[in-house]
Amino acid sequence: VTERCPPGFAGLPHFALRGGAGGFAMQGRSSRRAVPAAPLPSVEVHRIVDKPIVSVAGLRGIVGETFTAEVIFPYVAAFAALVKTPKVVVGGDSRPSRAWAQPLVESILRARGMEVVSVGPVPTPSLGMMARPHNAGGGIAITASHNPTPWNGLKFFHEAGEFLPPAHHHEMETLLS
């Protein structure tokens, strides 16, 4: 069985995958050198994401479509309502959209009476670890993790620097409804 990545997939090269009982491997002379597959004919692409993806890891969406100011505002406001100490650490990865998302997140927090510790570009785990030394009530990382560059999202941390537990997510959902 050979499958190919769809044309135009985030501008990445197209590679053939060889599948079998042992899983899939890149088609080529060795596992270190992949051979580009022949281009596929044009296909009509249907969007499968029409709202942000929300999970215990936070939320993420496509910038300008499912990750917008209108999406960000209620989640950040709900998070601010749950934070026990009115100080939040904010930063994110190096995606270009952080340039507008971070000031937006910080403005929402300040409008809710929070002190903001702005740390700029930072790896997600590092942002979580910064909550404790700053005596912050939590943190917000602006990142979409492994998703392609057109995506971005928010990850929420509690005061100990860990992702919010399911109970806090349930409280946020209640505030959002």
Side-chain angles (χ1 to χ4, degrees), residues 5-6 8-13 45 47-177:
C5 297
F9 182 73
L12 300 174
V45 177
R47 262 213 205 280
I48 57 170
V49 179
D50 60 354
K51 59 184 178 179
I53 297 170
V54 181
S55 69
V56 293
L59 73 127
R60 55 198 179 280
I62 299 169
V63 174
E65 295 178 23
T66 56
F67 187 74
T68 63
E70 293 81 12
V71 171
I72 294 170
F73 184 89
Y75 284 93
V76 174
F79 177 74
L82 294 177
V83 175
K84 296 173 186 167
T85 304
K87 182 192 269 186
V88 177
V89 178
V90 179
D93 63 23
S94 60
R95 292 169 195 268
S97 56
R98 184 185 53 80
W100 66 264
Q102 186 165 347
L104 175 64
V105 168
E106 292 175 359
S107 294
I108 296 165
L109 291 169
R110 287 185 181 107
R112 298 292 176 169
M114 308 300 261
E115 179 184 345
V116 174
V117 178
S118 181
V119 295
V122 64
T124 301
S126 297
L127 187 127
M129 294 187 320
M130 292 178 178
R132 194 179 295 174
H134 284 286
N135 296 316
I140 299 177
I142 302 161
T143 179
S145 298
H146 62 280
N147 293 83
T149 303
W151 289 68
N152 215 333
L154 303 175
K155 291 191 176 195
F156 302 98
F157 296 88
H158 63 66
E159 65 276 357
E162 298 170 358
F163 290 122
L164 292 182
H168 281 89
H169 280 283
H170 179 68
E171 289 179 58
M172 281 183 71
E173 289 172 14
T174 302
L175 291 169
L176 290 166
S177 58

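Numbering starts at 1 and runs along the sequence shown.
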Is there side-chain contact between Arg60 and Ser55, with heavy atoms separated by less than 4.5 Å? yes
Nearest non-hydrogen partners of Gly92 and Leu127, listed with the distance: N-CD1, 4.5 Å
Of all pairs that satisfy side-chain hydrogen bond (donor to acceptor under 3.5 Å, both in side chains), the ones with a partner from residues 106-120, not counting sequence neighbours: Gln102-Glu106, Gln102-Ser118, Glu106-Ser118
As an exercise, state the distance from CD1 of Ile72 to CH2 of Trp100, rounded to the nearest 0.5 Å. 4.0 Å
For Ser97, give me all partners under side chain to side chain donor-acceptor pair (under 3.5 Å), at least two apart in sequence or on another chain. Asn152
Who passes side chain to side chain contact (heavy atoms under 4.5 Å, CB included) against Leu175, sequence neighbours left out? Ala78, Ala81, Leu82
Could you tell me which non-hydrogen atom of Thr124 sits nearest to which non-hydrogen atom of Ala141, and how far apart they are? CG2-CB, 4.1 Å
Report the residues that fulfil salt bridge (charged side-chain N to carboxylate O under 4.0 Å, His left out) with Arg98, sequence neighbours left out, ordered by chain and then residue number. none
Shortest non-hydrogen contact from Val71 to Pro52? CG1-CG, 3.7 Å
Contacts of type salt bridge (charged side-chain N to carboxylate O under 4.0 Å, His left out), residue Arg132, not counting sequence neighbours: none
What's the shortest heavy-atom distance between Asp50 and Thr66, and which atoms? C-CG2, 3.5 Å
Inter- and intrachain pairs under side-chain hydrogen bond (donor to acceptor under 3.5 Å, both in side chains), touching residues 164-177, at least two apart: none
What verdict does the side chain to side chain contact (heavy atoms under 4.5 Å, CB included) test give for Ile142 and Asp93, after you've listed the backbone C-alpha separation in whole Å, the side-chain angles of each residue and the deciding distance to 0.1 Å? CA-CA 6 Å; Ile142 302 161; Asp93 63 23; 5.9 Å; no
Counterpart residues, side chain to side chain contact (heavy atoms under 4.5 Å, CB included), relative to Ser94 (two or more places apart): none
Quick check: closest heavy atoms across Gly138 and Val83, and the distance to 0.1 Å? N-CG1, 4.4 Å
When rounded to the nearest 0.5 angstrom, what distance separates NZ in Lys155 from CD1 in Ile140? 13.5 Å
Could you list the residues that satisfy ring-ring contact (aromatic ring centres under 6.0 Å, His included) with Phe163, not counting sequence neighbours? Phe157
Hits for side chain to side chain donor-acceptor pair (under 3.5 Å) against Thr149, two or more places apart or cross-chain, chain-then-number order -> none
Partners passing side chain to side chain donor-acceptor pair (under 3.5 Å) against Glu159 (at least two apart in sequence or in another chain): none
Does the side chain to side chain contact (heavy atoms under 4.5 Å, CB included) test come out yes or no for Val117 and Val88, once each step is laid out? CA-CA 6 Å; Val117 178; Val88 177; over 6 Å; no
Sequence-distant partners of Asn135, side chain to side chain contact (heavy atoms under 4.5 Å, CB included), two or more places apart: none
Can you check whether Val122's main-chain N or O pairs, donor with acceptor, with Ser126's side chain at less than 3.5 Å? no
Where the side chain of Arg95 meets the backbone of Pro148, is there a donor-acceptor pair that is under 3.5 Å apart? yes
So, using side chain to side chain donor-acceptor pair (under 3.5 Å) as the criterion, who are the partners of Lys87 when residues are at least two apart? none
Are Leu154 and Phe79 side-chain neighbours, meaning at least one heavy-atom pair lies under 4.5 Å? no
Considering non-hydrogen atoms only, spot the tightest contact between His158 and Ala131 and give its length. O-CB, 4.1 Å
